[in-house]
Amino acid sequence: MAKAAEQYVCQSCGAVHGKWSGRCGACGEWNTISEEAVREAPPKGLGTGSGHPRGRVLEFRKLDQHGEMEGPRTASGLGEFDRVCGGGLVPGSAILIGGDPGIGKSTIVLQVVARLAKQGVRCAYISGEEAPAQIRMRARRLGLEDAPLDLAAATSVRDIVATMEGADAPHVMVIDSIQTMYVDSVESAPGTVSQVRASAQELIRAAKRRDICLLLVGHVTKDGQIAGPRVLEHMVDCVLYFEGERGHQFRILRAVKNRFGPTDEIGVFEMSEAGLMEVTNPSALFLANRGGAADITGSAVFAGLEGSRPVLVEIQALVAPSPPGSPRRTVVGWDGNRLAMVLAVLDARCGLGLAGHDVYLNVAGGLRIGEPAADLAVAAALVSSMMEVPVPQQAVLFGEISLSGEVRRVAQAELRLKEAAKLGFTKALTPPVLKGRKSTLAVTEIARLPELVELFANDGVKAV
Ligand code: TYD
Ligand code: MG
């Protein structure tokens with residue numbers, strides 16, 4: 001009998017290490033490794049010889065001889081949520097909703113299941129964090145107190161699984177949060193990787209058996225005190241992250257994995273007094289606070305794409321001379337490496353001399369952009385700030401910049417232009433893609449980055 005060994009587990013990604021270290025070698029996070037008891041003996045392999053039973057040969061059937069996925073999706077009616085899920089909740093699927101504490105996870109799942117309950121779907125909300133009275137108060141604020149939703153405070157997975165297997169099991173079940181749940185046969189404390197994994201495994205297995213849709217809430221933590229949702233990502237069918245800056249009222253629900261629908265789809269919400277409101281026209285929202293003055297420099301509107309939907313956002317840049325030494329590069333909402341690349345191309349191909357300047361870049365409204373198509377808008381904001389020449393207020397930009405300084409085509413140019421036209425923009429600076437195509441906007445094609453800089457240098461930008 002081997003003695004109960006200790007192992008060192010990263011609470012962020014679940015990687016197991018032989019000894020403690022300050023930084024997880026697997027995911028690169030700092031201070032996330034903690035000691036846990038080894039839960040069970042590692043598998044011994046199949047073994048050979050007479051004492052071991054032989055496996056059974058699998059019986060294959062052709063693709064079309066297997067059953068089809070049963071049951072339609074259940075739409076909650078909260079359109080932005082349903083779209084991110086791929087059209088609604090699939091019976092027997094497990095959905096993980098991750099996000100920072102306080103971002104609004106409990107609020108959105110409550111809104112979803114209360115709406116479903118009102119439509120007659122049997123829903124249960126299991127809270128391991130808040131007392132039922134607190135949830136009732138939240139439901140009152142949301143105007144959903146009258147929804148026929150089953151609510152209980154519980155943390156024992158054994159009890160919850162028994163409920164799921166009972167006679168009147170719900171169709172949809174919320175676990176808020178997975179980090180408070182525990183399996184009593186596992187020794188570690190709730191919130192550790194072993195517990196979070198074991199709890200999720202049991203709950204998901206029961207949900208699949210009974211065709212229950214499981215919504216798991218998971219906190220993202222930076223300090224590694226409790227296991228993050230990343231240890232669960234591969235176990236669930238769908239991973240949604242709820243993001244947003246705490247100071248902003250916008251919240252973005254992003255699908256990063258979905259076995260039943262598209263990923264990269266986002267849902268936009270606004271946190272109000274009465275809960276999360278759907279934002280069906282995010283561009284209007286992200287641009288709502290744009291300054292009215294025409295002479296603001298360092299601001300450019302990027303015509304972007306989030307999933308299937310075009311979204312217009314303002315990109316702000318500030319370029320200021322820096323004291324000797326290493327200049328600052330601060331970026332919020334975009335990739336820092338990508339900014340470094342655009343700066344290098346502006347330096348090398350356009351001779352802009354940004355090396356002696358501090359550069360700050362911000363995507364307004366708390367949105368995080370991942371598209372390289374934002375390069376041209378970023379470059380325009382930078383050049384505009386540096387030369388103190390405003391980008392025309394009525395213009396949108398998009399285009400990817402290559403290391404040679406060329407402006408490359410991006411996907412869905414027409415969709416982006418259409419969205420811009422819808423919001424009242426009249427001009428666009430784009431890669432040369434639109435020859436022969438019609439657009440209601442006055443399109444200026446930029447083939448190489450130096451052409452953009454030239455426009456600003458010679459005041460030609462006013463005439464685009
Ligand atoms: P919550 O859903 O409790 O966050 P999480 O479960 O992710 O920790 O939401 C917390 C924040 O939302 C809290 O700061 C208050 C705010 N809020 C509103 O602004 N309006 C509302 O109607 C509700 C219910 C919450
Ligand atoms: Mg909560």
Side-chain angles (χ1 to χ4, degrees), residues 12 76-78 80-81 84-85 95-118 123-147 149-155 160 172-182 190-191 195-196 199-200 203 214-230 232-233 236 238-256 266-279 285 365-366 368:
S12 172
S76 66
L78 200 63
E80 291 289 295
F81 178 87
V84 174
C85 291
I95 299 173
L96 175 68
I97 298 172
D100 292 330
I103 202 79
K105 299 181 295 299
S106 301
T107 307
I108 193 160
V109 288
L110 182 61
Q111 282 181 256
V112 167
V113 287
R115 273 165 173 266
L116 285 168
K118 278 191 174 185
C123 297
Y125 191 113
I126 313 283
S127 173
E129 282 179 6
E130 292 167 291
Q134 269 175 293
I135 296 167
R136 180 176 178 179
M137 196 172 75
R138 178 179 294 133
R140 182 179 302 161
R141 269 178 75 172
L142 301 171
L144 294 166
E145 204 184 6
D146 58 339
L149 175 69
D150 290 332
L151 173 64
T155 51
I160 299 169
V172 179
M173 186 179 246
V174 170
I175 305 289
D176 187 2
S177 65
I178 188 65
Q179 282 116 346
T180 55
M181 301 293 142
Y182 73 95
Q195 275 293 4
V196 166
S199 303
L203 292 167
L214 194 63
L215 293 166
L216 300 172
V217 172
H219 295 295
V220 172
T221 54
K222 297 270 161 4
D223 56 8
Q225 288 302 305
I226 53 175
R230 270 172 52 192
L232 299 179
E233 280 183 352
V236 296
C238 178
V239 179
L240 310 178
Y241 276 104
F242 212 29
E243 319 170 334
E245 301 289 320
R246 210 66 93 70
H248 288 291
Q249 71 271 42
F250 315 128
R251 297 283 181 271
I252 289 148
L253 189 67
R254 193 185 288 277
V256 298
I266 64 164
V268 184
F269 297 89
E270 192 175 357
M271 184 60 103
S272 74
E273 270 308 294
L276 292 154
M277 299 295 172
E278 294 178 62
V279 175
L285 187 80
R368 215 189 57 222

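All ligand and atom numbering here is 1-based and tracks the order in the structure. One is the number of the first residue; the rest follow in order along the sequence. What you see is a predicted model; the values in this text were computed from it and never measured.
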**Request:** Might you work through the salt bridge (charged side-chain N to carboxylate O under 4.0 Å, His left out) test for E270 and R251, ending with a clear yes or no?
**Result:** CA-CA 6 Å; E270 192 175 357; R251 297 283 181 271; over 6 Å; no
**Message:** With salt bridge (charged side-chain N to carboxylate O under 4.0 Å, His left out) as the criterion, how do K118 and D146 come out once you've worked through the C-alpha distance, each side chain's angles and the decisive distance to 0.1 Å?
**Reply:** CA-CA 8 Å; K118 278 191 174 185; D146 58 339; 3.5 Å; yes
**Message:** Before you tell me yes or no, could you show the steps for I97 and Y241 under side-chain contact (heavy atoms from CB on, under 4.5 Å), namely the whole-Å CA-CA distance, both residues' side-chain angles and the distance that decides it to 0.1 Å?
**Reply:** CA-CA 6 Å; I97 298 172; Y241 276 104; over 6 Å; no
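Nearest-heavy-atom check against atom 25 (C) of ligand 1 across I108, V217, T107 picks out T107.
Remark: ligand 1 atoms within the under-4.0 Å shell around heavy atoms of L142 are 22 (O). In summary, the atoms of ligand 1 found under 4.0 Å from a heavy atom of E273, numbered by their order in the structure, are 20 (N), 21 (C), 22 (O). Numbered from 1 in the order shown, with element, the atoms of ligand 1 that lie under 4.0 Å from a heavy atom of S272 read 18 (C), 19 (O), 20 (N), 21 (C), 22 (O). Counting atoms of ligand 1 from 1 in the listed order, those under 4.0 Å from a heavy atom of S106 are 2 (O), 5 (P), 6 (O).
The shortest N or O to N or O distance between G104 and ligand 1 is under 3.5 Å. Taking only nitrogen or oxygen atoms, main chain and side chain alike, H219 does not reach within less than 3.5 Å of ligand 1. Considering backbone and side-chain atoms alike, G275 places an N or O below 3.5 Å from some N or O of ligand 1.
In this structure, CD on E243 lies 4.5 Å from CZ on R254, to the nearest 0.5 angstrom. Atom CZ of R115 and atom OG of S76 lie 6.5 Å apart (nearest 0.5 Å). Atom CG of L240 and atom SG of C85 lie 5.0 Å apart (nearest 0.5 Å).
Judged by distance alone, the side chains of S106 and D176 do bring a donor and an acceptor atom under 3.5 Å apart. Side-chain contact annotation: E129 with T180, donor-acceptor N/O pair under 3.5 Å absent.
Distance alone, capped at 3.5 Å, is enough to place a donor-acceptor pair between the K105 side chain and the G99 backbone.
At a threshold of 2.8 Å, the Mg ion (ligand 2) has a backbone or side-chain N, O or S atom of S106 nearer than that distance.
R141 NH2, 3.1 Å is the protein heavy atom nearest to atom 21 (C) of ligand 1. Here the heavy atom of the protein found nearest to atom 3 (O) of ligand 1 is R138 NH2, 2.9 Å. Protein heavy atom closest to atom 19 (O) of ligand 1, with residue, atom name and distance, is M271 CG, 3.4 Å. Of all protein heavy atoms, the one lying nearest to atom 14 (O) of ligand 1 is G102 O, 4.3 Å.
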